[in-house]
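A quick write-up on the structure given underneath.
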Amino acid sequence: MISRIDLRGDALPEGGALRDLLPRAEFDVEAALEKVRPICEDVHHRGTAALIEYAQKFDGVELSQVRVPAEAIKAALEDLDPAVRAALEESIWRARIVHRGQRRTEHTTQVVPGGTVTEKWVPVERVGLYAPGGRSVYPSSVVMNVVPAQEAGVESIALASPPQKEFGGLPHPTILAACALLGVDEVYAVGGAQAVAMFAHGTEDCLPSNMVTGPGNIWVAAAKRYFTGKIGIDTEAGPTEIAVLADSTADPVHVAADLISQAEHDPLAAAVLVTDSAELADAVEKELAPQVAATKHVEDRIKPALAGKQSAIVLVDSLEDGLKVVDAYGAEHLEIQTADAAAWAARVRNAGAIFVGPWAPVSLGDYCAGSNHVLPTGGCACHSSGLSVQSFLRGIHIVDYTRDALAEVTHHVVTLAEAEDLPAHGAALKARFGWKVPTQ
């Protein structure tokens, strides 16, 4: 059901050579880019008419408008299962207290007497948030996108989610109910690359956004790449990933369950176990079969995900080698199920989020840990972070110098300007002092 990669016996290679030995899903955003380009340009030129046409073509629904009426959002909340509402409210509360603590404060540094640099943090003015609606419904992604944007102070928030034929062309009602709980009343029944294009260019109904965030399929990722530079993005999210670093103390029942939990997202989802215990590897592999048989989405998602080239049990000689492997892999979600798990977690450098010990599974982070589940995939955790309040803030430096403070450093500025053959830079300071460099 799941392959093995045996890295025992020889010294592990470094850097890219090690990454090349590890499993990874094929996710060719560049190839998809050429297919979304005409869609994005069509939305640019035809606006809402193009969105309505693509809803018919891709989602099989006929729409007269793409903006969701306010009464539909209100009705979705009124009809929401009370248990689901309570769970969403708990998720929102926990996410809010975590993200509220992330907001940075203005800081002023006195560089020299009379010379200060202040860094202030300003939220983007408007964001477009995307909530997927393909194989599953993700109200949790609404929470994870909206809460940090709100806590950052973003004033204008719009959300798009694909129209559902089952619900009369509206996004899934649980998505709409989550929007109602969060106070988001600008919602569009638009999916895929066309949703990103709507936010990037704007239409008759939707103002353009400064930034687009949220997970989606390869077409969403390709559209984000297409508009990079015109709008800000969070990340080009690929298929979800879990890596588990485990030793002989790990419970194989837990490990197998956690691998399956991510495999049920998508046939391209990655499930990777890295262990120095062959006995644990055997036990986990034995445990997978009955747990898979007892769950849902087996043939269309879980089995192909576990059997795919992106999933494997990786055997290493030691946990030290295991740490090198998971750092090279840079998983979206990394579980540490070892003795002294917190100490090993503290040494990890590359992961979207780290889950410590047997009582912090990835599923907790997906919903109610308070952390954010919009995380870098495809190894991007080596250089990128998950969604947070900082994602929606811009740092702006405010430079304030007195005449004396400028005079004190003018000779250095002039020297560096002339070294770069940019004499007008130096002249901009000389002009303030009668074209003479102040003496020191």
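Throughout, numbering of the chain's residues begins at 1 and tracks the sequence. Below, all heavy atoms of this structure are taken into account, side chains as well, without hydrogens, waters or symmetry copies.
- A salt bridge is defined here as a Lys NZ or Arg NE, NH1 or NH2 lying under 4.0 Å from an Asp or Glu carboxylate O, and Arg24 with Glu241 meets this definition.
- At a threshold of 4.0 Å, the pair Lys224-Asp234 counts as salt-bridged, since one of the basic side-chain nitrogens sits closer than that to a carboxylate oxygen.
- Here the straight-line distance linking atom CG of Leu245 with atom CD1 of Ile336 works out to 4.5 Å at 0.5 Å rounding.
- Taking each heavy atom of Val43 and Gln194 in turn, the nearest pair found is CG2-CB, 4.0 Å.
- Taking OG from Ser318 and CZ from Arg8, the interatomic distance works out to 12.0 Å, rounded to the nearest 0.5 Å.
- Considering CD of Glu62 and CD of Gln56, their distance stands at 5.0 Å, rounded to 0.5 Å.
- Annotation: Glu125, atom CD; neighbour count of heavy atoms from other residues, nucleotides and ligands within 6.0 Å does not exceed 12.
- Residue pairs meeting the salt bridge (Lys or Arg N to Asp or Glu O under 4.0 Å) criterion with at least one member in residues 151-165, sequence neighbours excluded, are Arg96-Glu151, Arg100-Glu151.
- Summarising the geometry of Asp327 relative to Arg347, their closest heavy-atom pair is OD2-O, 4.2 Å, with the distance given to 0.1 Å.
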Which side-chain N or O atoms in residues 44-54 pair as donor and acceptor under 3.5 Å with protein atoms at least two apart or in another chain?
{"from": "Arg46", "atom 1": "NE", "to": "Asp42", "atom 2": "OD1", "distance (Å)": "2.8"}
{"from": "Arg46", "atom 1": "NH2", "to": "Asp42", "atom 2": "OD2", "distance (Å)": "2.9"}
{"from": "Arg46", "atom 1": "NH2", "to": "Glu53", "atom 2": "OE1", "distance (Å)": "3.1"}
{"from": "Thr48", "atom 1": "OG1", "to": "Glu204", "atom 2": "OE1", "distance (Å)": "3.1"}
{"from": "Thr48", "atom 1": "OG1", "to": "Asp205", "atom 2": "OD2", "distance (Å)": "2.6"}
{"from": "Tyr54", "atom 1": "OH", "to": "Asp42", "atom 2": "OD2", "distance (Å)": "2.8"}

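- Side-chain contact between Thr118 and Asp400 is absent, with no heavy atoms from C-beta onward closer than 4.5 Å.
- Note on residues 362-390: no pairs pass salt bridge (Lys or Arg N to Asp or Glu O under 4.0 Å), not counting sequence neighbours.
- Contact detail for Thr275 and Ala281: the closest heavy-atom pair is CG2-CB, 4.2 Å.
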For the pair Glu335 and Gln337, evaluate side chain to side chain donor-acceptor pair (under 3.5 Å) and give the outcome as yes or no after the intermediate values.
CA-CA 6 Å; Glu335 290 187 357; Gln337 298 200 34; 2.7 Å; yes
Show me the donor-acceptor pairs within less than 3.5 Å that the side chains of residues 379-386 make with the rest of the protein, sequence neighbours left out.
none

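- Aromatic rings of His172 and Tyr138 (six-membered ring for Trp) have centroids beyond the 6.0 Å cut-off, not under it.
- Exactly one residue among Asp321, Leu21, Asp317 makes a side chain to side chain contact (heavy atoms under 4.5 Å, CB included) with Leu12. That residue is Asp321.
- Under the side chain to side chain contact (heavy atoms under 4.5 Å, CB included) criterion, Glu236 pairs with Val29, Ala221, Arg225, Ile233, not counting sequence neighbours.
- One distance of note links OG of Ser161 with CD1 of Ile175; it measures 4.5 Å at 0.5 Å rounding.
- The distance from atom OG1 of Thr213 to atom CE of Met144, rounded to the nearest 0.5 Å, is 12.5 Å.
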Scan the side chains in residues 72-88 for donor-acceptor partners under 3.5 Å anywhere in the protein, sequence neighbours excluded, and list what turns up.
{"from": "Asp81", "atom 1": "OD1", "to": "Ala83", "atom 2": "N", "distance (Å)": "2.8"}
{"from": "Arg85", "atom 1": "NE", "to": "Glu89", "atom 2": "OE2", "distance (Å)": "3.0"}

